[in-house]
Amino acid sequence: MSNSKKYQNKPHNLNFAILGAITSFAMTFSAVGVLETLQPVQAFENTSIITKQKQSEIKIAKIAGTYKTVFSPEVLAKAKKQGLAAISGQWTIKPNGSFEAVINTTSTNGKKETIRSTGTVSIKKGKVISQIATLNGEEPTPLPPPQTYSLLADGKTLQAENQPVKLVRQ
């Protein structure tokens with residue numbers, strides 16, 4: 001993780017850094033997309049927009065399911081150095097494009113913490129894009145940046161781009 005140095009002395013911040021890599025699996029509607037739907041357009045343009053939305057939904061339905069979060073050995077080693085004895089996670093992607101994610105951590109002194117997030121998922125240009133909407137029931141300020149994932153050849157693994165995290169469909 002590129003920001004690992006600033007999280008080395010703060011296990012709480014590491015949890016949020018890992019959470020950012022994992023739970024950024026959602027998408028917010030862009031202002032351009034919202035404006036397109038609000039502007040008057042000709043009938044054939046409306047059909048084009050609806051067709052694009054249906055195609056996107058079909059692709060999202062393809063990746064819908066329950067995923068186990070798999071952290072790289074480097075992430076696990078850093079987590080242990082910062083006092084985490086265990087870290088695990090699970091994602092649920094729904095066919096409507098929403099997701100729920102849960103990260104569970106246990107510190108070396110036995111303290112357990114659960115981080116829950118929700119958001120939405122989109123597919124653009126063959127990439128899965130996500131954006132967090134809530135973190136532990138509240139909207140985070142500022143919102144974390146969107147996270148991009150690639151669907152690997154096995155058809156069931158989503159690899160976070162520029163992050164050492166994978167989501168593997170169960």
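Ile87 is not listed as a side-chain neighbour of Asn104, based on a closest heavy-atom distance of 4.5 Å or more. No side-chain heavy atom of Thr108 sits under 4.5 Å from any side-chain heavy atom of Leu84. A 4.5 Å side-chain heavy-atom check between Lys94 and Glu100 finds at least one atom pair inside the cut-off. In this structure the side chain of Phe99 never reaches within 4.5 angstrom of the side chain of Thr118, judged on heavy atoms. The closest side-chain heavy-atom distance from Ile93 to Tyr67 is below 4.5 Å. Contact annotation: the side chain of Ile129 never approaches that of Val121 to less than 4.5 Å [non-hydrogen atoms, C-beta and beyond]. Within the 4.5 Å cutoff, the side chain of Ile63 has heavy atoms near those of the Ile123 side chain.
Minimum interatomic distance between Lys156 and Asp154 (heavy atoms only, all atoms of both residues): N-OD1, 2.9 Å. Summarising the geometry of Ser150 relative to Lys127, their closest heavy-atom pair is OG-NZ, 2.9 Å, with the distance given to 0.1 Å. Here the closest heavy-atom approach between residue Ser117 and residue Leu135 is recorded as CB-CD1, 4.2 Å. Contact record, Pro140 with Ala133: CD-O, 3.7 Å, taken as the closest heavy-atom pair. Residues Ile103 and Gly89 come closest through the heavy atom pair CD1-CA, 3.9 Å. Of all the heavy atoms in Pro144 and Ile132, the pair that sits closest is CG-CD1, 3.6 Å.
Once rounded to the nearest 0.5 Å, the distance linking CZ of Arg169 with CG of Leu151 reads 7.5 Å. The distance from atom OG1 of Thr157 to atom NZ of Lys166, rounded to the nearest 0.5 Å, is 6.5 Å. For the atom pair Thr106 OG1 and Lys112 NZ, the distance stands at 4.5 Å (nearest 0.5 Å). The NZ atom of Lys78 sits 13.5 Å away from the CZ atom of Phe71 when rounded to the nearest 0.5 Å.
Donor-acceptor pairing under 3.5 Å is lacking for the side chains of Gln90 and Thr69.
Side-chain atoms of Gln159 come within 3.5 Å of backbone N or O of Val165 as a donor-acceptor pair. In this structure, Asn136 contributes its side chain and Arg116 its backbone to a donor-acceptor pair below 3.5 Å. Using a distance-only test at 3.5 Å, with no hydrogens or angles considered, a donor-acceptor pair links the side chain of Ser107 to the main chain of Lys111.
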* Check the pair Leu167 / Val70 against side-chain contact (heavy atoms from CB on, under 4.5 Å), numbers first and verdict last. => CA-CA 6 Å; Leu167 302 174; Val70 179; over 6 Å; no

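Hydrophobic clustering keeps Val75 apart from Val168 (ILVMFWY residues linked when any side-chain heavy atoms are closer than 4.5 Å, directly or through intermediates).
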